[in-house]
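Proteins get letters first, then strands, A, B, ... in listed order; numbering begins at 1 in each. FYI, side chains are in, hydrogens and waters are out, and symmetry mates aren't considered; it's all heavy atoms of this structure.
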Protein chains: 2
Amino acid sequence: MKDTDDKLISRNMKPTAMRELVLDALLEQNVAVSLSDLEKKFDRADKVTLYRTLKTFEENKLIHSIDDGTGSVKYALCAENCQCNPHDLHVHFFCTKCKRTYCLNDTPIPSVTLPLNFEIKTINMVVKGTCANCKE
Amino acid sequence: MKDTDDKLISRNMKPTAMRELVLDALLEQNVAVSLSDLEKKFDRADKVTLYRTLKTFEENKLIHSIDDGTGSVKYALCAENCQCNPHDLHVHFFCTKCKRTYCLNDTPIPSVTLPLNFEIKTINMVVKGTCANCKE
DNA sequence: ATAACTTTGCAACTCGGTTGCATAAACTTT
DNA sequence: AAAGTTTATGCAACCGAGTTGCAAAGTTAT
Ligand SMILES: [Mn+2]
Ligand SMILES: [Mn+2]
Ligand SMILES: [Zn+2]
Ligand SMILES: [Zn+2]
């Protein structure tokens, strides 16, 4: 029984072939991936199946989605025991050179004081610039 | 000579009828508006013209665009002497009840420490929750 | 083996944004 | 004022990301 199977089962998903492939792809990346990235990687797989795989992963908190402002949503693995609560939130970084989107897992989102009677539920914070790989 | 004309001229745009209408619409709002908001408001106007009007406004730094994660870009007036530099950046707030997007002009984006060799160029920070109007 | 449920594949569609191109309007030059 | 040049507008058509419906294939339970 594969390692990925355990991960899927522990998050209450059946370990189908497609799901293993996608999870493997996510595991071997250190950056977030989009649906179209996956389409390119698995050119035999159907877009909708990949789409629904990602949705299923997200619903079951195996991955979280990132809106980095590029127009295509990115996905990245959640930490082992992540429940996608506010305190699990972290900053994301989009490199304008290599177009890669990083989870800055060790960079929690700084707190912000809002105007009176505004109540915060969640925050999306995306820093843009150049990543370490692209430095000069 | 209208007030809006001055604004347009001072930002190097010719004060056409269309531009005056759109600028008026932006001035009378205290929340950010999307292209489709404008389409609804001016149902006789062409979508592309509105689109290009917003683009022109943005290029000339009369307005700035906001990606609030809803899938449709919002626009709001810049402050009088705004040059859209990093220090002009502020937090935006999206109310999940009324779906309105606010400029929190008095809430600068808090600074964030990045991993080694990551260089920041700009930041997008969108807080989601309920606004003062929607408070219980 | 049959029935019930889940996953996958294909087609088709929505929606926001964008481009090309022709017309109309506004300035410039003679 | 007429002709030429630039700029703005309107319409059609397109694009990519995301999404839905539905039928076929695969799985699990009875
Ligand atoms: Mn992340
Ligand atoms: Mn703003
Ligand atoms: Zn990079
Ligand atoms: Zn509200």
All N/O pairs under 3.5 Å across the protein-nucleotides 22-28 of chain C interface:
none

Close side-chain approach of A:Cys78 and A:Asp88, heavy atoms under 4.5 Å: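 In short, these two side chains do not touch, never coming nearer than 4.5 Å.
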Co-members of B:Val126 in a cluster of I, L, V, M, F, W and Y side chains, linked at under 4.5 Å: B:Phe94
Listed pairs, N/O of protein and of nucleotides 15-18 of chain C, under 3.5 Å:
from	atom 1	to	atom 2	distance (Å)
C:dG16	O3'	B:Gly71	O	3.4
C:dG17	OP1	B:Val73	N	2.7
C:dG17	N7	B:Lys47	NZ	3.0
C:dG17	O6	B:Lys47	NZ	3.3
C:dT18	OP2	B:Tyr51	OH	2.8
C:dT18	O5'	B:Tyr51	OH	2.9

Results of salt bridge (Lys or Arg N to Asp or Glu O under 4.0 Å) for A:Lys41 - residues two or more places apart only: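 With sequence neighbours excluded, A:Lys41 shows a salt bridge (Lys or Arg N to Asp or Glu O under 4.0 Å) to A:Glu28, given in chain and number order.
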Set of salt bridge (Lys or Arg N to Asp or Glu O under 4.0 Å) partners for B:Glu119, sequence neighbours left out: A:Lys135
Salt bridge (charged side-chain N to carboxylate O under 4.0 Å, His left out) partners of residues 102-117 of chain B, not counting sequence neighbours, each pair once: none
Length of the line joining B:Asp46:CG and C:dC21:P, which is rounded to integer Å: 17 Å
Gap between atoms CG and C1', on A:Leu54 and C:dT7 respectively (whole Å):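 Atom CG in A:Leu54 sits about 15 Å away from atom C1' in C:dT7.
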Start and end of chain B contact along DNA chain D [non-hydrogen atoms, under 4.0 Å]: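 The protein-touched segment is D:dT7 to D:dA12.
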A:Thr70 and A:Lys99 side chains, donor-acceptor separation under 3.5 Å: no
B:Phe57 ring center within less than 6.0 Å of B:Tyr75 ring center: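 That pair fails the under 6.0 Å test.
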Qualifying side-chain hydrogen bond (donor to acceptor under 3.5 Å, both in side chains) pairs with a residue from residues 48-61 of chain A, counting only residues at least two apart or across chains: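 Those involving residues 48-61 of chain A are A:Glu58-A:Ser65.
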Whether A:Asp67 side chain and A:Gly69 backbone form a donor-acceptor pair below 3.5 Å: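 Yes; judged by distance alone, with no hydrogens or angles, the pair exists.
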Under 3.5 Å: donor-acceptor pair, side chain of B:Asp24, backbone of B:Leu21: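 No; zero donor-acceptor contacts below 3.5 Å.
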Contacts of A:Asn133 that satisfy side-chain contact (heavy atoms from CB on, under 4.5 Å) - sequence neighbours left out: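 Result, side-chain contact (heavy atoms from CB on, under 4.5 Å) vs A:Asn133: A:Arg100, A:Tyr102, A:Cys131.
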A:Ala76: partners by side-chain contact (heavy atoms from CB on, under 4.5 Å), with sequence neighbours left out: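 Testing A:Ala76 for side-chain contact (heavy atoms from CB on, under 4.5 Å), a comparison that skips the adjacent residues, returns A:Ala32, A:His64, A:Ile66, A:Cys103.
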Residues which pass side-chain hydrogen bond (donor to acceptor under 3.5 Å, both in side chains) with B:Glu20, listed by chain and number, not counting sequence neighbours: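 Applying side-chain hydrogen bond (donor to acceptor under 3.5 Å, both in side chains) to B:Glu20 gives B:Lys2.
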Within residues 16-32 of chain B, residues whose heavy atoms come under 4.0 Å of DNA chain D: B:Thr16, B:Met18, B:Arg19
